[in-house]
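Along the sequence shown, the residues carry numbers beginning at 1.
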Amino acid sequence: MDRYLVFGHPVRHSKSPFIHTLFARQTQQELEYGLAEPAIDEFANALQVFFAQGGKGCNVTVPFKEQAFTLVDRLSPRAKRAGAVNTIKLTDDGVLLGDNTDGAGLVADLKSHGVTLADSRILLLGAGGAARGALAPLLAELPSELVIANRTHTKAQLLAAEFHDLGPVTAQTYEQLAGPFDLVINSTSASLQGELPPLAPALIHTDIAIYDMMYGASDTAFISWAKQHGARQTMDGLGMLVEQAAEAFTVWRGIRPGTKQVLRELKRNLGVI
């Protein structure tokens, strides 16, 4: 049976085995999917051993995405742009192909919620790896403007300059931000600590769409804050998790699984519904 797994540290909380098992059942694919939590300095060796022992593909999560970028034989265009790899496939000719499905998962989830990206004005909070992975797929949807805001403004400026060839992307300080925005995406991990990015409440209005890449059994801190200030459409990153997994599954197996039922099952598993 074909073997897949997810590398991370920590990774025991990962829902990837649950998701990919449902995908395999749905598409009638024979595979098994597990977890691997090597020590931080043992990832390269663990990856080599996994594929040497017949592994077919893997997902890579924190803190190994940037390291995986340097360990594969070939990079997809979106992995090159993201500067990180979250999906690896052993090709038929024995090449380790590194891909990044995070941004595609984000865009797919936004569209599933009916969010219009073309000609929209998007605010992206954060300038780390999650923001980097999202930029090219978001700009491919042809927004009117994409603004990056980050606590360290120079990081936002560097990121905007790097992706400027793909579309109208700029960097602003939080103090410079002026609305209206159609969509705000929080790519920071602040919600994991119950914290908020320093966004002015005046930027929130009833027609804005709010997206937090983090998720939990209840609203994240950022989503709760946005609702308090009048946002009616709010989304967390659980759908992105499922959509990026579906994209990875497609890379591996050549068949696209459906995501709606899997997302419902995942919410039930987490106690969200």
Side-chain angles (χ1 to χ4, degrees), residues 65 75-87 99-150 156-172 177-188 197 199 203-215 222-223 226 231-251 256-260 263:
K65 291 183 183 183
L75 293 164
S76 72
R78 57 189 179 184
K80 286 180 184 177
R81 271 293 186 177
V85 161
N86 80 330
T87 300
D99 202 351
N100 191 302
T101 65
D102 285 332
L106 169 64
V107 168
D109 192 37
L110 286 165
K111 289 183 174 180
S112 76
H113 283 95
V115 177
T116 299
L117 297 173
D119 295 321
S120 64
R121 191 161 184 254
I122 301 172
L123 173 58
L124 179 62
L125 307 179
R132 175 182 289 274
L135 274 169
L138 285 171
L139 290 168
E141 297 298 317
L142 305 179
S144 62
E145 184 182 15
L146 194 155
V147 177
I148 305 170
N150 189 60
Q157 288 176 308
L158 289 170
L159 200 56
E162 185 176 337
F163 284 82
H164 190 68
D165 61 309
L166 297 185
V169 55
T170 60
Q172 295 180 17
L177 294 175
F181 289 100
D182 301 297
L183 168 65
V184 178
I185 301 170
N186 180 24
S187 77
T188 75
L199 194 65
L203 291 172
I204 307 301
H205 55 87
T206 55
D207 294 326
I208 202 167
I210 298 293
Y211 195 100
D212 194 337
M213 289 190 187
M214 302 299 110
Y215 63 88
F222 183 64
I223 285 177
R232 290 187 298 202
Q233 184 176 19
T234 59
M235 301 148 280
D236 68 16
L238 196 61
M240 176 181 171
L241 175 68
V242 175
E243 293 291 350
Q244 68 81 21
E247 187 76 11
F249 192 92
T250 307
V251 170
R256 180 85 185 188
T259 55
K260 290 183 179 179
L263 181 56

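Between L110 and I185, the closest side-chain pair of non-hydrogen atoms falls below 4.5 Å. Between L203 and L177 there is a side-chain heavy-atom pair separated by less than 4.5 Å. Using a 4.5 Å heavy-atom threshold, the side chains of V85 and K65 count as separate. Side-chain contact between P143 and L117 is absent, with no heavy atoms from C-beta onward closer than 4.5 Å. Side-chain contact between L146 and P168 is absent, with no heavy-atom pair separated by less than 4.5 Å.
Note that the CD1 atom of I204 and the CZ atom of F181 stand 10.0 Å from one another [nearest 0.5 Å]. From N86, atom CG reaches atom CZ of R78 across 8.5 Å, with rounding to the nearest 0.5 Å. Distance check, rounded to the nearest 0.5 Å: CG of D109 to CG of L263 gives 7.5 Å. In this structure, OG on S120 lies 10.5 Å from CD on E145, to the nearest 0.5 angstrom. Atoms CE and CE, from M240 and M213 in turn, are 4.5 Å apart once rounded to the nearest 0.5 Å. The line from CG of N150 to CD of Q172 is 13.0 Å long, rounded to the nearest 0.5 Å.
Judged by distance alone, the side chain of D182 and the main-chain N or O of R121 form a donor-acceptor pair under 3.5 Å. Formation of a donor-acceptor pair under 3.5 Å by the E141 side chain with backbone atoms of L138 is not found in this model. Not one N or O on the side chain of S187 forms a donor-acceptor pair closer than 3.5 Å with the backbone of A130. In this structure, the side chain of H205 engages the main chain of D207 through a donor-acceptor pair within 3.5 Å. The main-chain N or O of R132 is never found under 3.5 Å from a side-chain atom of E162 such that the two would form a donor-acceptor pair.
Looking only at atom types and distance, the side chain of Y211 has no donor-acceptor partner in the side chain of D236 under 3.5 Å away. Between the side chains of T87 and D99, no donor-acceptor pair is found at a separation under 3.5 Å. When only modelled atom types and interatomic distance are considered, E247 and T101 share no side-chain donor-acceptor pair under 3.5 Å.
For P137 against A134, the heavy-atom pair with the smallest separation is CD-O, 3.3 Å. The shortest heavy-atom contact between I223 and M235 is CD1-O, 3.4 Å. Scanning both residues, G133 and A82, for their nearest heavy atoms gives CA-CB, 3.9 Å. Closest of all the heavy-atom pairs between A231 and T234 is CB-CG2, 4.2 Å. Closest of all the heavy-atom pairs between N186 and P197 is OD1-CG, 4.2 Å. Between A136 and L166, the closest heavy-atom pair is CB-CD1, 3.8 Å.
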Point to revise | L142 and D119: CA distance, side-chain angles, deciding distance, side chain to side chain contact (heavy atoms under 4.5 Å, CB included) verdict | key: CA-CA 6 Å; L142 305 179; D119 295 321; 5.8 Å; no
Exercise for review: Assess whether salt bridge (Lys or Arg N to Asp or Glu O under 4.0 Å) is satisfied between R256 and E243, documenting all intermediate values.
Suggested key: CA-CA 10 Å; R256 180 85 185 188; E243 293 291 350; 3.6 Å; yes
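The neighbour count for H164 NE2, taken as heavy atoms of other residues, nucleotides or ligands under 6.0 Å away, does not exceed 12.
Annotation: cation-pi pair R81/F163 present, NZ/CZ under 6.0 Å from the ring centroid and within 45° of its normal.
When L135, L123, L125 are each tested for a side-chain contact (heavy atoms from CB on, under 4.5 Å) with I148, only one passes: L135.
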